[in-house]
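Okay, so here's the structure we're looking at.
Residue numbers start from 1 in every chain, and the chains themselves are labelled A, B, ... in the order their sequence lines are given, proteins ahead of strands.
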Number of protein chains: 2
Amino acid sequence: MSKAVAILDEAGDSALTFRALAARIGGGVGSIYWYVSSKDELLDKAADFVMDGVLADTREFSSDDPIDDLRHIAIALFETVVDRPWLGSYFMRNVATQPNSMRFYELVGQHVLRLGMPPTESFYAASAVVGFVIGTASDLGQEPPEELVTGQTTREEFFARTVAQWNELDPDEWPFLHTILDVFEGHDDTEQFKAGLDLILTGLRLQAESLGGS
Amino acid sequence: MSKAVAILDEAGDSALTFRALAARIGGGVGSIYWYVSSKDELLDKAADFVMDGVLADTREFSSDDPIDDLRHIAIALFETVVDRPWLGSYFMRNVATQPNSMRFYELVGQHVLRLGMPPTESFYAASAVVGFVIGTASDLGQEPPEELVTGQTTREEFFARTVAQWNELDPDEWPFLHTILDVFEGHDDTEQFKAGLDLILTGLRLQAESLGGS
DNA sequence: ACCTGAACACCGTTCAAGT
DNA sequence: ACCTGAACACCGTTCAAGT
């Protein structure tokens, strides 16, 4: 069942309708309600199904540097969410129906605990890392609007066009936009994410050094 | 027009339907399409309308510490988005229809520029701060599911119940969850956000010191 | 130029009825 | 216990028709 859901997710987010899912399984529309009580619960279970894979990929990460492990885990989560922006809205949304998401959060937390900080800071740190990954990934995962309809416009053309728009703006009024123009045009989403992640992790490392035990 | 939209947003996200909006304005369903070509565009404009207020509140922030200004701006954005989780999905989604969102991004960027880092790092930094705020706010802004239907369950009861659930779990298998149990029960969303934000900002300060000019 | 509202295609959800 | 599919209420969107 969750398998059929995961398959549909690959075909796009909005494509997941009860009728389409029923047709895919080869049954009636109403039969899905025997296994799931609403569409929200369907997506909850789909999210947890995906998180099972992430968990399998990240469970074994273990070096002697907790921050380094957190970095690898975060990147793995980012890569799965950036391809499934819907996951951002449902990840850990329901504690009861998402055991794998909870296990993942626990895994992140365990690495944080190795830093030896007090409970409050550990809670904040784990939440910040997970929150940044989910937030950034589901944001960057969104396709540029309207452009896919046109069909022909590629990602490069889209960026080129926005850059061209920005270029028209007054440099005195928009100094920042003009500064980043060139780097924005050729930027890579994953690199952008990693840079932000490293800001958090350096902040965390610093905090751990001043608060941590051992 | 955008005013009517903003009013409806206060009554909740899913309450914004073309029929409800038309009734609110006192017109026909179709008339809205004269001003807006789709629901996405309606929400784009609603988002930009809200951002106009944020911009007015944050434009004047200017101390001698750029990081401190970034912190104030970020908190202001967080507070508006946490009350309007839908904003997270539409903020800066369309460059053309969201001039205020662009101005806001530029404002953040200008403070980043004061750190004197190269363009790439400046771009990454501004994006990381904005991304963290939007991501965390739209996540924390979501109401706990199903509980509002029951009506009687307050936020405290909801947390108490999840904590009770976690308490049942094996401490050997869930060391992190058990460590944060107490602090989670009484935690404040805004404090949690600020702690994560400060991790990013300390990371940023450190980077600026090693890369920055002046 | 701007508005109307019936009509259309498409949702999630329910439920009496089947096996 | 598990499935079926018509029916219902409700969407966003279109469009001929009005002023």
Side-chain angles (χ1 to χ4, degrees), chain A residues 1-49 84-87 89-90 93-94 96-98 142-151, chain B residues 1-49 84-87 89-90 93-94 96-98 142-151:
Chain A
M1 167 61 88
S2 277
K3 214 175 286 185
V5 173
I7 296 174
L8 260 170
D9 292 327
E10 289 157 19
D13 180 9
S14 59
L16 180 61
T17 122
F18 276 72
R19 283 167 180 82
L21 180 57
R24 182 85 154 229
I25 300 177
V29 232
S31 71
I32 305 170
Y33 281 90
W34 183 259
Y35 301 95
V36 104
S37 67
S38 72
K39 189 169 187 184
D40 270 344
E41 195 182 314
L42 176 67
L43 280 159
D44 273 336
K45 292 198 172 177
D48 205 58
F49 180 79
R84 303 173 186 83
W86 58 269
L87 221 170
S89 316
Y90 284 92
R93 204 185 64 99
N94 195 320
T97 49
Q98 292 201 24
Q142 285 180 348
E143 302 291 332
E146 171 242 3
E147 309 306 320
L148 276 187
V149 184
T150 331
Chain B
M1 166 59 89
S2 277
K3 217 175 284 188
V5 172
I7 298 175
L8 261 170
D9 292 327
E10 288 156 21
D13 179 11
S14 59
L16 180 60
T17 120
F18 275 72
R19 282 166 182 83
L21 179 57
R24 183 84 155 228
I25 300 177
V29 233
S31 72
I32 306 170
Y33 281 89
W34 184 260
Y35 301 95
V36 103
S37 67
S38 71
K39 189 168 188 186
D40 270 344
E41 195 182 313
L42 176 67
L43 280 160
D44 273 336
K45 292 197 170 176
D48 205 58
F49 181 80
R84 303 173 185 83
W86 58 269
L87 221 170
S89 316
Y90 285 91
R93 204 185 65 97
N94 196 321
T97 50
Q98 295 201 21
Q142 284 180 347
E143 301 292 332
E146 169 244 4
E147 310 305 320
L148 276 188
V149 185
T150 332

**Request:** Name the closest nucleotide to the Trp34(A) side chain, picking from dA1(D), dT13(D), dG12(C).
**Result:** dA1(D)
Whole-Å distance between [N] [atom2] and [X] [atom1]?
X        : N       : atom1 : atom2 : value
Leu42(B) : dC11(D) : CG    : P     : 14 Å
Leu21(A) : dG12(C) : CG    : P     : 10 Å
Tyr33(A) : dG12(C) : OH    : P     : 7 Å
Asp40(A) : dT13(C) : CG    : C1'   : 13 Å
Phe18(B) : dC10(D) : CZ    : C1'   : 15 Å

**Request:** Give DNA chain D the dot-bracket treatment, 5' to 3': Watson-Crick (N1-N3 with N6-O4 or O6-N4) or G-U (N1-O2, O6-N3) under 3.5 Å, [ ] crossing, | other strand.
**Result:** ||.|||||...|||||.||
**Message:** Between Tyr90(A) and Asp40(A), do the side chains contain a donor N or O and an acceptor N or O under 3.5 Å apart?
**Reply:** yes
What are the two closest non-hydrogen atoms of [X] and [Y], and how far apart are they?
X        : Y        : result
Ile32(A) : Ala22(A) : CD1-N, 4.0 Å
Ala15(A) : Ala20(A) : O-CB, 3.7 Å
Ala47(B) : Gln98(B) : CB-NE2, 3.9 Å

Which value, rounded to the nearest 0.5 Å, describes the distance between [X] atom [atom1] and [Y] atom [atom2]?
X        : Y        : atom1 : atom2 : answer
Asp13(B) : Leu87(B) : CG    : CG    : 10.0 Å
Ser89(B) : Leu43(B) : OG    : CG    : 9.0 Å
Phe18(A) : Ser31(A) : CZ    : OG    : 10.0 Å

**Asked** Is Thr17(B) near enough to dC10(D) that one of its side-chain N or O atoms lies under 4.0 angstrom from OP1 or OP2?
**Response**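 Answer is no, no contact under 4.0 Å.
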**Request:** Please check the phosphate of dC3(C) (OP1 and OP2 only) for any side-chain N or O of Tyr35(B) closer than 4.0 Å.
**Result:** yes
**Prompt:** Who passes side-chain hydrogen bond (donor to acceptor under 3.5 Å, both in side chains) against Glu41(A), sequence neighbours left out?
**Reply:**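 Ser37(A).
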Please write out the pairs of protein N or O atoms and N or O atoms of nucleotides 4-9 of chain C separated by less than 3.5 Å, giving the distance to one decimal.
| from | atom 1 | to | atom 2 | distance (Å) |
| --- | --- | --- | --- | --- |
| dT4(C) | OP2 | Gly28(B) | N | 2.6 |

**Message:** Between dC2(D) and dA17(C), how many Å separate the two P atoms, rounded to a whole number?
**Reply:**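 After rounding to an integer number of Å, I get 22 Å for this pair.
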**Request:** State whether the side chain of Lys39(B) and the backbone N or O of Leu16(B) hold a donor-acceptor pair below 3.5 Å, judged by distance alone.
**Result:**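 Here the side-chain-to-backbone pair exists.
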